[in-house]
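Below, chain A is the first sequence line, B the second, and so on; all start at residue 1.
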Number of protein chains: 2
Amino acid sequence: MVRSDARENRVRILAAARESFAEDGDTSMNQIAQRAGVGAGTLYRNFPTREALVLAVYKEEVERIIDTVPALLAQMPPIEALRHWTMDLVEAMRRKHGLGDALGAGAHQAIAQQTYGPVIAAITELLDAGKQDGSIRADADPGDFLQLTGALWRAASGPDDRSPRMLALVLDGLRAKPRA
Amino acid sequence: MVRSDARENRVRILAAARESFAEDGDTSMNQIAQRAGVGAGTLYRNFPTREALVLAVYKEEVERIIDTVPALLAQMPPIEALRHWTMDLVEAMRRKHGLGDALGAGAHQAIAQQTYGPVIAAITELLDAGKQDGSIRADADPGDFLQLTGALWRAASGPDDRSPRMLALVLDGLRAKPRA
DNA sequence: TACCGTAGTGGAGAGCTCTCCACTTAGCAA
DNA sequence: TTGCTAAGTGGAGAGCTCTCCACTACGGTA
């Protein structure tokens with residue numbers, strides 16, 4: 001049973017976070033709690049890490065990106081679809097705030113599992129398409145890929161953006177047959 | 001000109017950090033400063049991030065690993081040398097504390113450049129060996145590789161260690177000829 | 001030896017993250 | 001309607017990172 005006030009609080013936190021992030025990506029958890037009119041404890045019970053909160057706030061955006069998978073697969077080969085999709089995600093996450101450092105943090109693994117679930121599902125879909133037509137090696141693991149991807153959105157954007165090159169490297173690794 | 005007291009302070013900080021890390025990897029910067037008998041300001045002037053300090057403390061270990069490059073190259077093909085070398089580094093860094101999150105952090109880039117310089121040099125050497133004999137693509141960039149590697153030592157170790165699989169992926173990407 | 005410019009110091013303090021637990025209250029049962 | 005009780009709350013507080021700047025003292029110079 002979820003109490004109604006709890007549900008409302010969660011909504012208020014999300015709203016406050018959305019507004020705060022829009023104004024300044026570095027807003028502190030405390031500030032958000034205050035703005036939402038809840039205690040820090042409540043904030044942390046709902047979103048145990050800053051990343052969880054960011055991801056929840058941008059859930060719609062993430063879902064939008066996830067939803068593009070079928071279209072991408074219809075338009076281009078799986079590897080290219082994966083490339084486009086990943087760059088979209090990297091772009092979106094980069095504009096956001098502090099996300100990415102959470103990937104692979106040992107703690108909160110259960111929550112991460114849940115939070116990243118849809119993302120993993122999307123990657124799985126893309127990889128499977130490639131495995132089906134033989135363009136992606138059969139032992140490719142979505143979790144590995146996501147984790148490697150984490151390095152991309154940490155990569156400095158700026159003038160010399162390494163991320164396309166890094167992604168190309170990883171994709172070529174996915175394409176190659178594993179060595180004997 | 002470096003004042004003698006400054007030099008001594010630096011040494012004292014390193015000693016304190018070494019002892020502290022040996023007892024508990026989570027020791028705070030404050031505690032280390034206190035143990036070294038210096039103010040927090042002095043600590044931060046010498047080592048602007050926790051990572052810089054960790055890396056300085058383990059400089060010898062890192063140097064040891066760097067020094068193994070020629071031996072590895074003499075014993076095995078460049079790709080395998082790179083694999084071994086990277087896993088050694090990952091192992092070492094994983095046992096250490098909080099290192100890895102610094103990779104690619106936009107700030108402190110100058111210091112990072114300096115700190116990671118030797119590591120980059122070692123990677124360059126390994127990559128060059130592979131380029132020479134044609135086993136590694138010519139456009140491989142040491143910086144990209146290091147950054148991707150960052151994801152490895154963030155990867156949860158534990159029973160299901162993704163890092164060898166992730167590394168294999170990256171190495172296969174290095175091996176492959178870039179797509180047309 | 002006495003002086004002085006400046007490199008270097010250190011710790012108070014702002015502001016953060018996250019925990020803990022005494023308290024509040026929604027919603028069920030009678 | 002009136003308890004009752006566990007789900008939920010919130011904010012004080014421990015402890016952290018990192019900055020700032022008034023002060024200290026090293027070491028070159030005359």
Quickly work out the A:F47 CZ to C:dT17 P distance and round it to whole Å.
15 Å
Report yes if a side-chain nitrogen or oxygen of A:Q31 is closer than 4.0 Å to either non-bridging phosphate oxygen (OP1 or OP2) of C:dC16; otherwise report no.
yes
Side-chain atoms of B:D5 come closest, of C:dG11, D:dG8, D:dC26, to D:dC26
Under 4.0 Å: is that the gap between some side-chain N or O of A:N9 and OP1 or OP2 of D:dT9?
yes
Ionic contact status for A:D67 with A:R64, cut-off 4.0 Å:
no
In whole Å, I'd like the distance from the CD atom of A:Q34 to the P atom of C:dT17.
12 Å
Closer to the 5' end of DNA chain D via nearest nucleotide, is it A:N46 or B:R7?
A:N46
Sequence neighbours left out, what passes side-chain contact (heavy atoms from CB on, under 4.5 Å) with A:R45? Give chain and number order.
A:T42
Look at the side chain of A:R137 and the backbone N and O of A:G173, then say whether any donor-acceptor pair between them is shorter than 3.5 Å.
yes
Taking the minimum atom-to-atom distance to the side chain of A:Y44, which one of D:dT9, C:dA12, C:dC18 wins?
C:dC18
Would you indicate, yes or no, if C:dG15 has its OP1 or OP2 atom less than 4.0 angstrom from a side-chain nitrogen or oxygen of A:S28?
no
Atom CD of B:E51 to atom P of D:dT17: distance rounded to whole Å?
11 Å
To the nearest Å, give me how far apart CG (A:D24) and C1' (C:dC16) are.
14 Å
Has A:T42 got a side-chain N or O lying under 4.0 Å from the OP1 or OP2 atom of D:dG8?
no
Toward the 5' end of DNA chain C, by each residue's nearest nucleotide, B:R12 or A:G41:
B:R12
Can you see if the side chain of A:R45 gets near the phosphate of D:dT9 - specifically, an N or O under 4.0 Å from OP1 or OP2?
yes
Taking all heavy atoms of A:R162 and all of B:G143, pick out the closest pair and write down the distance.
NH2-CA, 3.2 Å
How many whole angstroms separate atom CG of B:L43 from atom P of D:dT19?
12 Å
When the distance from CG of B:N30 to P of D:dT17 is rounded to whole Å, what number comes out?
6 Å
When the distance from CZ of B:R50 to P of D:dG15 is rounded to whole Å, what number comes out?
16 Å
Would you mind classifying the nucleic acid contact of B:A6 as base, sugar-phosphate or nothing, using non-hydrogen atoms under 4.0 angstrom?
sugar-phosphate
Among D:dT17, C:dT19, D:dT19, the one nearest B:M29 by side-chain distance:
D:dT17
Round to a whole Å and report the spacing from CD1 of A:I32 to P of C:dC16.
11 Å
Taking the side chain as every heavy atom from C-beta outward, state whether B:D172 and B:R175 have any atom pair closer than 4.5 Å.
yes
